[in-house]
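As structure tokens, the structure follows; a few thoughts come after it.
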Amino acid sequence: MTKAELIEFSSTGKEVTVDRPFNNPAHHNQIIFDALRHQKSKKIFGLAYEKDDGLYLDLKCDPARIDELVETSAYILPGQHFTKQNWITVAVNELPAKEVLTKLVDASYQLTN
């Protein structure tokens with residue numbers, strides 16, 4: 001899956017806008033972050049990026065589930081760019097099935113609504 005396909009997949013059936021608020025051209029960022037936002041409230045529910053040949057998506061998560069998800073799923077890491085108490089990072093290339101990603105994205109979308 002490419003980053004563009006990930007963004008399209010994560011946006012399906014939702015009112016989403018995508019922007020790049022963390023990419024200051026003057027800083028010459030090596031990582032380009034695409035923020036997936038609720039179209040109306042502008043709240044971020046996902047942050048897609050590529051790093052070290054991997055594709056990642058930061059998602060909001062129920063704090064009560066984070067430790068369990070990180071401990072039981074090799075493809076789920078503590079949040080890399082937001083607070084680890086409320087966010088997870090998904091290694092998209094390591095996901096066992098797209099259905100897993102659908103559930104995580106939908107939960108993040110609902111939590112940030």
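Each of Leu77 and Val92 belongs to its own hydrophobic cluster when Ile, Leu, Val, Met, Phe, Trp and Tyr are linked at side-chain heavy-atom distances under 4.5 angstrom. Cluster membership check: Leu55 shares its hydrophobic cluster with Tyr75, using side-chain heavy-atom separations under 4.5 Å among Ile, Leu, Val, Met, Phe, Trp and Tyr. In this structure, Tyr49 is not a member of the same hydrophobic cluster as Phe9, with clusters built from ILVMFWY side-chain heavy atoms closer than 4.5 Å.
Between the side chain of His38 and the backbone N or O of Phe45 there is no donor-acceptor pair closer than 3.5 Å. Between the side chain of Lys3 and the backbone N or O of Ile32 there is at least one donor-acceptor pair closer than 3.5 Å. Side-chain N or O atoms of Thr89 include one that pairs as donor or acceptor with a backbone N or O of Gln80 at under 3.5 Å. A distance-only check finds a donor-acceptor pair linking the side chain of Thr2 to the backbone of Glu5 [under 3.5 Å]. A side-chain donor-acceptor contact under 3.5 Å links Asp62 to the backbone of Ala64.
Within the 4.5 Å cutoff, the side chain of Asp19 has no heavy atoms near those of the Lys42 side chain. Between Val16 and Arg37 the shortest side-chain heavy-atom distance does not fall below 4.5 Å. In this structure the side chain of Pro78 never reaches within 4.5 angstrom of the side chain of Ile88, judged on heavy atoms. No side-chain heavy atom of Leu47 sits under 4.5 Å from any side-chain heavy atom of Asp34. Residues Ile44 and Leu36 are not in side-chain contact: their nearest non-hydrogen atoms beyond the backbone lie 4.5 Å or more apart.
Within the model, atoms SG of Cys61 and CG of Leu111 stand 7.5 Å from one another, a figure rounded to the nearest 0.5 Å. For the atom pair OG1 of Thr72 and CD of Glu68, the computed distance is 5.5 Å after rounding to the nearest 0.5 Å. In this structure, OG1 on Thr12 lies 5.0 Å from CD on Glu8, to the nearest 0.5 angstrom. To the nearest 0.5 Å, atom CD1 of residue Ile76 and atom CG of residue Leu59 are 9.0 Å apart. Atom CD1 in Ile66 sits 12.0 Å away from atom CD in Glu71 (nearest 0.5 Å).
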Subject >> Residues Glu15, Tyr109; criterion side-chain contact (heavy atoms from CB on, under 4.5 Å); working and verdict >> reply: CA-CA 10 Å; Glu15 294 182 8; Tyr109 188 78; 4.2 Å; yes
Subject >> Criterion side-chain contact (heavy atoms from CB on, under 4.5 Å) on Tyr56 and Glu50, from CA distance to verdict >> reply: CA-CA 6 Å; Tyr56 298 91; Glu50 296 169 304; over 6 Å; no
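Ring pair Phe22/Phe33 is perpendicular by interplanar angle, where above 60° counts as perpendicular and below 30° as parallel.
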Taking distance alone, no hydrogens or angles, what donor-acceptor pairs closer than 3.5 Å link side-chain atoms of residues 93-107 to residues at least two apart or in another chain?
from   : atom 1 : to    : atom 2 : distance (Å)
Thr102 : OG1    : Lys98 : O      : 3.1
Asp106 : OD1    : Lys14 : NZ     : 2.8

